[in-house]
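Please read the structure below before turning to the comments.
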Amino acid sequence: MNNKNYFKRWEKIINKALNKYLPKETEVPQVLHQAIRYSVFSGGKRIRPILTLEAASLFGDWKKIIPSACAIEMIHTYSLIHDDLPCMDNDELRRGKPTTWKKFGEAVSILAGCALLSRSFEILTTEQTKILKNSKDNVIKLLQEISEAIGSYGLIGGQTLDIITPFEKMTTETLKYIHLNKTAKLFTISVRAGAILFGVKEKYLNILTKFGIALGEAFQIADDIMDFEVEEKKCNYAKIVGLSRAKQHLEEKIHQAKTQLAIFKEKGKNLKSIADFIGENTKSDKRDTTK
Ligand code: GRG
């Protein structure tokens, strides 16, 4: 796979759809819409919507799943905006640019994150049902799974333990919980979304779940390895289990993820390449898509 062209192609498709589904900067309240667009179009890799569309293409026409892919990217962006806030990670830079709160202030950033979350559900219920008119039950199933994956049993649960656990109390078990909930559950619903909407058999949904969890955990381990290499002091997986074991676990997770795809034979090759890509190079601002 030529990474640069591959990611660029998907980026174009996803950005065009996001542009259509997000309010214009000129619409009232302008500052809120500017903050939303600033955050959504600031150079994210679009890994989650790409996974959604690639996994959907195993079962049907990926074009029909674009609203859900965009909704998932909106949720991801909301989580990053809030994660960067002074009361959370207190980050001033993301993807090499000022974070949303640095540029628009804390209040507008909180509101932009909340608005993106609401918009994601609006897109799922309006735009996705317009395309899949006879699949309302499947859309409801997807809404239920997304809600669970990003709530207190998922993204927010993982973020809570990440924020409140002091360095000296952090254990491998707690970190695994954080990785599963903060990162892997959104990955998992990203790869399951198309299959849910197309109403495929439970057997395939289970395979996608195993793939999504292993890939999401690998993604977070790789992210932690990169963080560790940049700043050794920060508590993360590599710090807790040691760098070489973290690298070994990363390799194992990528292998585990790719093994799940065997059943899809040749059709699974792009998902396999994405898994390899995550295993080799992860961090957004350092990610090299020129290979
Ligand atoms: C509700 C107040 C409130 C806060 C929620 C849920 C949450 C805060 C934060 C989410 C936790 C989080 C940021 C998880 C990190 C997962 C991760 C490694 C993100 C980076 O993903 P990439 O590299 O990002 O795909 P790009 O930049 O490519 O979009």
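Whatever order the structure lists ligands and atoms in, that order sets their numbers, starting from 1. Any value given below was found using the heavy atoms of this structure, including those in side chains, with hydrogens, waters and symmetry copies removed.
The atoms of ligand 1 that sit less than 4.0 Å from any heavy atom of Met88 are 2 (C), 3 (C), 4 (C). Residue Lys45 has at least one heavy-atom neighbour below 4.0 Å for each of these atoms of ligand 1: 22 (P), 23 (O), 24 (O), 25 (O), 26 (P), 28 (O), 29 (O). Within the listing of ligand 1, atoms 26 (P), 27 (O), 29 (O) sit less than 4.0 angstrom from a heavy atom of Arg95. Close approach to Gly44 involves these atoms of ligand 1, each under 4.0 Å from a residue heavy atom: 26 (P), 27 (O), 28 (O), 29 (O). Ligand 1 places these atoms under 4.0 Å from at least one heavy atom of Asp83: 9 (C), 13 (C).
Looking at ligand 1, you won't find any N or O of Asp223 less than 3.5 Å from one of its N or O atoms. Remark: ligand 1 and Gln159 share no N or O pair separated by less than 3.5 Å (distance only, no angle test). Between Gln220 and ligand 1, no N or O atom pair is found at a separation short of 3.5 Å.
The only member of Leu161, Asp162, Val241, Ile240 that meets side-chain contact (heavy atoms from CB on, under 4.5 Å) when paired with Leu175 is Ile240.
For Ser152 against Tyr177, the heavy-atom pair with the smallest separation is O-OH, 4.1 Å. Cys70 approaches Ile14 most closely through the heavy-atom pair SG-O, 4.2 Å. The shortest heavy-atom contact between Leu22 and Arg37 is O-NH2, 2.9 Å.
Residue-level proximity to ligand 1 for Leu80 is carried by the side chain, the only part with a heavy atom below 4.0 angstrom. Under 4.0 angstrom from ligand 1, the non-hydrogen atoms of Thr183 all belong to its side chain. With a heavy-atom cut-off of 4.0 Å, Tyr78 touches ligand 1 through its side chain alone.
No side-chain heavy atom of Thr52 sits less than 4.5 Å from a side-chain heavy atom of Glu73.
Other residues, nucleotides and ligands contribute only 12 or fewer heavy atoms inside 6.0 Å of the OH atom of Tyr204.
Among residue pairs with one or both ends in residues 103-120, those qualifying as salt bridge (Lys or Arg N to Asp or Glu O under 4.0 Å) are Arg119-Glu122; sequence neighbours excluded. Among pairs with a residue in residues 31-56, those fulfilling ring pair (Phe, Tyr, Trp, His ring centres under 6.0 Å) read Tyr38-Phe104, at least two apart in sequence or across chains.
Relative to atom 15 (C) of ligand 1, the option among His179, His76, Lys182, Arg94 with the closest non-hydrogen atom is Lys182.
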